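For reference, the structure discussed in these notes is given below.
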There are 2 protein chains.
Amino acid sequence: MSVSGVNGTGQRRPTMKEVAARAGVALKTVSRVVNEEPNVSPELTAKVQAAIKDLNYTPNESARMLRRGKTGTIAVVIRDIGDPFFASLGRAVELWARSSGSVVMIGLTDEDPERERDVCLEFVARRPDALIMAPIGETQEYLAPHVDAGMAVVTIDRPAHGIEADAVLADNAGGIDQAIDHLVRQGHRRIAYLGDDERIFTARERVVAYRAAMARHRIDVDEDLVHLSEPTTEGIGITLSAVLDRAEPATALLSANNMTTAEVLRGLAGRRDRVALVSFDDLALGDLLSPGLTAVAQSADVMARTAIQLMTERLPEPHRPGRTVRVPVKLTIRGSGEIPPA
Amino acid sequence: MSVSGVNGTGQRRPTMKEVAARAGVALKTVSRVVNEEPNVSPELTAKVQAAIKDLNYTPNESARMLRRGKTGTIAVVIRDIGDPFFASLGRAVELWARSSGSVVMIGLTDEDPERERDVCLEFVARRPDALIMAPIGETQEYLAPHVDAGMAVVTIDRPAHGIEADAVLADNAGGIDQAIDHLVRQGHRRIAYLGDDERIFTARERVVAYRAAMARHRIDVDEDLVHLSEPTTEGIGITLSAVLDRAEPATALLSANNMTTAEVLRGLAGRRDRVALVSFDDLALGDLLSPGLTAVAQSADVMARTAIQLMTERLPEPHRPGRTVRVPVKLTIRGSGEIPPA
DNA sequence: CTGTTAGCGCTTTCAT
DNA sequence: ATGAAAGCGCTAACAG
């Protein structure tokens, strides 16, 4: 029982050496007790534990890391912590980390390749045992020396390039197929596609799947209904009026990511169209909207757990060839996608 | 330009010593170049940089930390990464960290005091320069030795106990006042209060403020309209039917936190009441609901920046007395709170 | 301007 | 079962 400051202020933290001195044992004995190594007599163990308590000793992880060469940290590099998909990932990784005595460093890229590089380089200097990331840049070659040195890299949402890494990807094509099939089944043919910049891997996969699915249904894609850009409030506003305020307006919208969907919903709220909407990616409160949001949901949790699984498998053999796992997605029907064509 | 594995697999990372050898200089010269210390001739600098590049050298932060006694790490311990409030906090801290060459460790408590303790103790072993947390437990005394040793602690949302720390708190009473004033102004008198467990600091402040505000308006609080519990889907369902399915049903609901609000919305979606709802805490997509969510919004961003400000001020003088800053909240009117009494 | 020496706090190795 | 010595990779404190 000690109140802050009572033991003196500006105190150095006690070291293992001091604990040893206090307990009247050798340094190594303290180390053994701290690390719960076998072969320490109960008497000494008790003495050491008492000294630890008296001194409020806590081991210095920096020293441990240096000596051991393992840091017990997992680096997570993602676009945004607020995105529900990445929040799930963060949660899952944190949970695993705590159960295995590791900690999680988190870095945000905001979809900027340079930031990705900066953050990753900052992180790898700390020698994380593993790096879980949603890559953006063209190549992650800059990580190669660390991968060679045994750091396990697992990517999520998109694959890495230039390094040996595992990847957990959503079944983008399957999800788009389901969405288009669903809309076509309701009688829609003028289905606008609102997606993200094609430089993004998932955006690329999804728009390709859109064209393929449309072709499969023998519907000619009206290029004026295909819009690929960063999802800003005003950009989506313009896009909406482009696809809806025209002679033959789109009767359905396929929004290809959750940021776009949020902006589409904002945009539609200011208009009076009756247009169907299916979103690739669910929103946190998609069930509370009216109509509810019909969405192709990625199982963030399954993807996160898969990533962790791959990571734990890779840890002991860091140089094994990269694996890619595709995780299925699921169309959730709630109303917005079941509005028939006008 | 090197492809992973080509330089050999399972390679050790080069050390400063090896760089020195390769560059034909002393260890310390490499250190100087790496740390951009002055007084190194351009020639040697060039040589060293070449050697660094050849060897793909990156400094080992563990060693640096050990030697320097500073880790360049900020620990963040919060309830849940997905909560928009904490997501904002995380974002702000990450941004600051990156601009100052630090990294962020993140730990989740899920509102469990034991987990809080475990996570914090795990973290402090890593000797973070600062700890930003939303405390839950009765006391954070277990951090005292580390505070004594110079770790800066700043809490957000709730104060710490048993240690000297700064705190950034929302103006809970002011927010509740605004909410009640607003509802009373619409003619409501039977205003149900749905809050969290009173063990939680903010929950306590808010329910006290609710009673005070009601008293100020000379309205007797009907205790059957006051419900304090953890926000689970079924619990809130029961609560809703308790306050709405009765002789004199509540005409307005004041939901005192965002988890409760989400569940209230889910519950109301399955019912046909016309009841006003004001939420303390906004939801991510509160503007997209219909009616829009009238909410007392905490400026997560302002609170986060305030916390960082306090932290940077505390870093150089870790033993200064704790300061508490109250951050104002703002009532955002969007429709759900403007439904008149039946 | 450059280099040498010591040692951060711990674990590893090897004695005893 | 216990301990002494060495050293992880780096920076601080001094020389030159």
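Every chain is numbered from 1 and lettered A, B, ... according to where its sequence line falls, protein lines coming before strand lines. Computed from a prediction, not measured in an experiment: that's the story for all the values here.
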Once you round it to whole Å, what is the distance between P of C:dG9 and CG of A:L55?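 Those two atoms, CG and P, are 13 Å apart.
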Rounded off to whole Å, could you give me the CG-to-C1' distance for the B:N39 and C:dG3 pair?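 These atoms are roughly 14 Å apart.
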Tell me every residue that passes side-chain hydrogen bond (donor to acceptor under 3.5 Å, both in side chains) with B:T58, counting only those two or more places apart in sequence or in another chain. A:R127, A:H146
What residues, two or more places apart in sequence or in another chain, satisfy side-chain hydrogen bond (donor to acceptor under 3.5 Å, both in side chains) together with A:D118?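 A:D118 satisfies side-chain hydrogen bond (donor to acceptor under 3.5 Å, both in side chains) with no other residue.
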If the condition is salt bridge (Lys or Arg N to Asp or Glu O under 4.0 Å), which residues does B:D166 pass it with, not counting sequence neighbours? B:R314, B:R320
Base contacts versus sugar-phosphate-only contacts with protein, heavy atoms under 4.0 Å: please encode nucleotides 8-16 of chain D as B, S and - from 5' to 3'. BBBBBB---
Degree of bending in the helix from C:dC1-D:dG16 to C:dT16-D:dA1 once both end axes are built from five pairs, to 10°: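 Result, rounded to 10 degrees: 40°.
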State, to 0.1 Å, how close [X] and [Y] come at their nearest heavy-atom pair, and which atoms those are.
X	Y	answer
A:I156	A:P135	O-CD, 4.0 Å
B:A63	A:L66	CB-CD1, 3.7 Å
B:A152	B:L315	CB-CD1, 3.7 Å

Can you tell me if the side-chain N/O atoms of A:T29 get under 4.0 Å from OP1 or OP2 in D:dT2? no
Sorted by first residue and then second, give each side chain to side chain donor-acceptor pair (under 3.5 Å) pair with at least one member in residues 88-98 of chain B; sequence neighbours left out.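 For residues 88-98 of chain B: A:D80-B:R91, A:R115-B:E94.
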Test: B:R13 and B:E61 ion pair at under 4.0 Å: no
